[in-house]
S.K.: 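Handing you this structure, nothing more for now.
Chain letters run A, B, ... following the sequence lines, proteins first, then strands; residues in each count from 1. Predicted model only: the values in this text are computed from it and were never measured.
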2 protein chains.
Amino acid sequence: MKLSTKIETFVAHFGEMGSRWGFNRTVGQMYALLMIYSRPLNADEISEMLSISRSNVSMGLKELQSWRLLKLTHYPGDRKEYYKTPDDIIEVARIVLEERHKREVAPTLTMLRDEIMREPVSEEGKYAQQRMTEIYELIDTVSKAVDELAALSPNDLRKMMKMGSSVASLFAFKDKLVGGKRDKAEEY
Amino acid sequence: MKLSTKIETFVAHFGEMGSRWGFNRTVGQMYALLMIYSRPLNADEISEMLSISRSNVSMGLKELQSWRLLKLTHYPGDRKEYYKTPDDIIEVARIVLEERHKREVAPTLTMLRDEIMREPVSEEGKYAQQRMTEIYELIDTVSKAVDELAALSPNDLRKMMKMGSSVASLFAFKDKLVGGKRDKAEEY
DNA sequence: TTGAATTTTCAGAAATTACTGAAAATTCAA
DNA sequence: TTGAATTTTCAGTAATTTCTGAAAATTCAA
């Protein structure tokens, strides 16, 4: 089962980049393949297409499922499980944001809150506490904004994309979503 | 040179999380330490405080410098170099965003553009091309929005933070920055 | 039930990444 | 200049992560 050059390039690239999203290379490749292949694939097909062992595919699928990033399908008369990604790419982005928030940002905020609460014992501790407060506020602010974006429906997000991407436009759109009114909407 | 508990917890946590930001554990620890320590530190001090070899510190500092994340200081009569982070934590966030965009997002967009251009030879390639176009548009949109945010001055961003963090508020703020006017500013 | 088909687990091997000590290179005061 | 102080480099080692094959577990049609 030979992959087209287009797919091979895409898969290889996301394999390399995958680690930045919290996966290893093969898991990145697997997801990339599922994302651009026109039909759901079973584990054996993935194993063959990417030349990785069946057991590695099994572990990779398990990890991707723990990220809620896969959809399962079955075909009549075939006991194998077939995997695909959500049809809507925006849905994928939303899930990744949510999961990363849960896995990385939330624990960091908890740690910072705990340490900021604890009475500092030294001058050093006092300074550290101040700095942690600044860091807490920054992360909290940004993550709340991201939460809100992630909470918008894929459909709303798509409308936003069509409007253009400037921060100003994004905001203008949000206004419409929440029913706000503005003087100079035509500027955007 | 014993670290306070507060600093130790913070350093350990960012060591673990560091890999998500593109660094390894020790580089994450080093930056965490420099971020919350009240004064600039030299390489020997970092080495001792974190119990890592002097050469490892040297390599870590080099990497952090390639990310433009360090400021250098000197003290009269002392030949050692002293390192600290930008005073403003928002400046740190802005630089990380810019560097990650340059190192990860830009190459991905280039790859996608190239592959989308290339005429597909198979049905599979045709479908892949479609999907890549969707992905390209999403990444491009989001990254343009992030670029704009990163381009705002730390001072403007701080004002934004003080206003609160809802998307709506962010937009309202951007309006003020760009001189726009709105009916119901008092709602935010 | 049974057993063939399928998926999962996991111990060990392979590959990759991080770290160290020693040596080389650089810097700068005298 | 010289040489002591300091920083960087890098080959080898250590630690970690990823991957595999074999075996165990699960599923389900007959």
Side-chain angles (χ1 to χ4, degrees), chain A residues 1 11-12 14-34 40-67 69-84 103-104, chain B residues 1 11-12 14-34 40-67 69-84 103-104:
Chain A
M1 206 171 295
V11 163
F14 274 85
E16 304 308 326
M17 285 301 172
S19 63
R20 304 290 173 217
W21 291 71
F23 312 121
N24 66 33
R25 191 168 46 80
T26 41
V27 173
Q29 289 176 347
M30 286 174 51
Y31 204 72
L33 177 60
L34 293 173
L41 295 172
N42 66 45
D44 286 320
E45 289 171 328
I46 297 170
S47 169
E48 198 203 330
M49 286 171 166
L50 300 179
S51 306
I52 58 184
S53 74
R54 180 62 183 73
S55 58
N56 200 5
V57 171
S58 180
M59 291 188 300
L61 290 172
K62 197 177 151 200
E63 175 162 13
L64 289 171
Q65 278 175 311
S66 84
W67 281 74
L69 283 171
L70 294 178
K71 302 271 184 194
L72 250 76
T73 322
H74 288 94
Y75 291 105
D78 186 344
R79 280 174 58 185
K80 289 196 168 71
E81 316 225 48
Y82 286 77
Y83 299 88
K84 63 169 195 159
R103 293 164 188 235
E104 296 161 27
Chain B
M1 208 170 296
V11 163
F14 275 84
E16 304 310 326
M17 286 301 172
S19 63
R20 303 291 173 217
W21 291 72
F23 312 122
N24 66 33
R25 192 168 46 81
T26 42
V27 173
Q29 290 176 347
M30 284 173 52
Y31 204 72
L33 177 60
L34 292 174
L41 294 172
N42 66 46
D44 286 321
E45 288 171 328
I46 297 169
S47 170
E48 197 203 332
M49 285 172 166
L50 299 179
S51 306
I52 59 183
S53 73
R54 181 63 183 73
S55 59
N56 201 4
V57 171
S58 179
M59 291 188 299
L61 289 172
K62 197 178 151 200
E63 175 162 13
L64 289 171
Q65 277 176 311
S66 84
W67 281 74
L69 282 170
L70 294 178
K71 303 273 184 191
L72 251 75
T73 322
H74 288 94
Y75 291 105
D78 186 345
R79 280 175 57 185
K80 289 196 168 71
E81 315 226 47
Y82 286 77
Y83 300 88
K84 62 170 194 160
R103 292 163 189 237
E104 296 161 28

S.K.: Does a side-chain N or O of Lys62(B) approach OP1 or OP2 of dT7(D) to a distance below 4.0 Å, or not?
M.R.: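 Checking Lys62(B) against dT7(D): no side-chain N or O falls below 4.0 Å of OP1 or OP2.
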
S.K.: Between dT20(C) atom P and Glu48(B) atom CD, what is the distance in whole Å?
M.R.: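 Taking CD of Glu48(B) and P of dT20(C), I get 14 Å after rounding.
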
S.K.: Please check the phosphate of dT9(C) (OP1 and OP2 only) for any side-chain N or O of Ser58(A) closer than 4.0 Å.
M.R.: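 For dT9(C), neither OP1 nor OP2 has a side-chain N or O of Ser58(A) closer than 4.0 Å.
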
S.K.: What residues form a ring pair (Phe, Tyr, Trp, His ring centres under 6.0 Å) with Tyr83(A), not counting sequence neighbours?
M.R.: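 Scan of Tyr83(A) (ring pair (Phe, Tyr, Trp, His ring centres under 6.0 Å), adjacent residues dropped) gives none.
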
S.K.: Residues in side chain to side chain contact (heavy atoms under 4.5 Å, CB included) with Glu104(A), at least two apart?
M.R.: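 Expected list: Arg100(A), Met17(B), Arg20(B).
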
S.K.: Using the side chain to side chain donor-acceptor pair (under 3.5 Å) criterion, which residues pair with Ser47(B)? Sequence neighbours excluded.
M.R.: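 By the side chain to side chain donor-acceptor pair (under 3.5 Å) rule, Ser47(B) matches no residue at all.
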
S.K.: What about Phe23(A) and Trp67(A), are their ring centers closer than 6.0 Å?
M.R.: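 Yes, they do, as the ring centres are separated by less than 6.0 Å.
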
S.K.: Listing request: all salt bridge (charged side-chain N to carboxylate O under 4.0 Å, His left out) pairs with a residue in residues 49-59 of chain A, at least two apart in sequence or in separate chains.
M.R.: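 Applying salt bridge (charged side-chain N to carboxylate O under 4.0 Å, His left out) to every pair that reaches into residues 49-59 of chain A, excluding sequence neighbours, yields Asp44(A)-Arg54(A).
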
S.K.: Check side chain to side chain donor-acceptor pair (under 3.5 Å) between Thr73(B) and all other residues, then give those that pass, not counting sequence neighbours.
M.R.: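 Per chain and number, Thr73(B) pairs via side chain to side chain donor-acceptor pair (under 3.5 Å) with no residue.
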
S.K.: Using atom CD of Gln65(B) as one end and atom P of dT9(D) as the other, report the distance to the nearest whole Å.
M.R.: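 In whole Å, dT9(D) P lies 11 Å from Gln65(B) CD.
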
S.K.: Nearest-Å distance, CG (Asp44(B)) to P (dT7(D))?
M.R.: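 Atom CG in Asp44(B) sits about 6 Å away from atom P in dT7(D).
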
S.K.: Quick one: side chain to side chain contact (heavy atoms under 4.5 Å, CB included) partners of Met59(A), sequence neighbours excluded?
M.R.: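 In terms of side chain to side chain contact (heavy atoms under 4.5 Å, CB included), with neighbours along the sequence ignored, Met59(A) is linked to Asn56(A).
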
S.K.: Atom pairs under 3.5 Å, N or O on each side, protein against nucleotides 24-29 of chain C: can you list them with distances?
M.R.:
residue : atom : partner  : partner atom : Å
dT27(C) : O2   : Arg79(B) : NH2          : 2.3

S.K.: Quick check on dC19(C): is either OP1 or OP2 less than 4.0 Å from any side-chain nitrogen or oxygen of Asn24(B)?
M.R.: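 The answer is yes; a side-chain N or O of Asn24(B) sits under 4.0 Å from OP1 or OP2.
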
S.K.: By nearest nucleotide on DNA chain C, pick out whichever of Arg25(A) and Asp78(A) is the more 5' one.
M.R.: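 Going by which nucleotide is closer to the 5' end, it is Asp78(A).
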
S.K.: Rounded to whole angstroms, how far apart are CD1 on Ile46(A) and P on dT8(C)?
M.R.: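 Distance, rounded to whole Å: 11 Å.
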
S.K.: Atom NZ of Lys80(B) to atom P of dA4(D): distance rounded to whole Å?
M.R.: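 Atom NZ in Lys80(B) sits about 16 Å away from atom P in dA4(D).
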
S.K.: Would you check if Met30(B) and Ile52(B) make a side-chain contact, meaning some heavy-atom pair closer than 4.5 Å?
M.R.: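 Yes; the side chains approach each other to less than 4.5 Å.
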
S.K.: Please report, rounded to the nearest Å, how far the C1' atom of dA15(C) is from the CD atom of Glu16(A).
M.R.: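 It is 14 Å, rounded to the nearest whole Å.
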
S.K.: With Lys71(B), which residues qualify under side chain to side chain contact (heavy atoms under 4.5 Å, CB included), at least two apart?
M.R.: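 Residues passing side chain to side chain contact (heavy atoms under 4.5 Å, CB included) with Lys71(B): Lys84(B), Pro86(B).
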
S.K.: In this structure, how many angstroms lie between the C1' atom of dC19(C) and the CG atom of Leu61(B), rounded?
M.R.: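 These atoms are roughly 15 Å apart.
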
S.K.: To the nearest angstrom, how far is Glu45(B) atom CD from dT6(D) atom C1'?
M.R.: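 One finds 14 Å between C1' of dT6(D) and CD of Glu45(B), rounded.
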
S.K.: Check Leu72(A) against His74(A) and note the closest heavy-atom contact, atom names and distance.
M.R.: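 Nearest pair, atom of Leu72(A) first, then His74(A): CD2-CE1, 4.3 Å.
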
S.K.: So which protein nitrogen or oxygen atoms get under 3.5 Å of nucleotides 20-23 of chain D's nitrogens or oxygens?
M.R.:
residue : atom : partner  : partner atom : Å
dT20(D) : OP2  : Ser53(A) : N            : 2.8
dT20(D) : OP2  : Ser53(A) : OG           : 3.0
dT20(D) : OP2  : Asn56(A) : ND2          : 3.3
dG21(D) : N7   : Ser55(A) : OG           : 3.2
dG21(D) : O6   : Ser55(A) : OG           : 2.6

S.K.: If the condition is side chain to side chain donor-acceptor pair (under 3.5 Å), which residues does Arg79(B) pass it with, not counting sequence neighbours?
M.R.: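 If we apply the side chain to side chain donor-acceptor pair (under 3.5 Å) test to Arg79(B), skipping adjacent residues, there are no hits.
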
S.K.: Applying side chain to side chain donor-acceptor pair (under 3.5 Å), can you list everything that pairs with Glu63(B), at least two apart in sequence or on another chain?
M.R.: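 Side chain to side chain donor-acceptor pair (under 3.5 Å) list for Glu63(B), sorted by chain: empty.
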
S.K.: When you look for runs of 3 or more Watson-Crick or G-U pairs in a row, both distances below 3.5 Å, which of them include DNA chain D?
M.R.: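 Stem list for DNA chain D: C:1-30 with D:1-30.
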
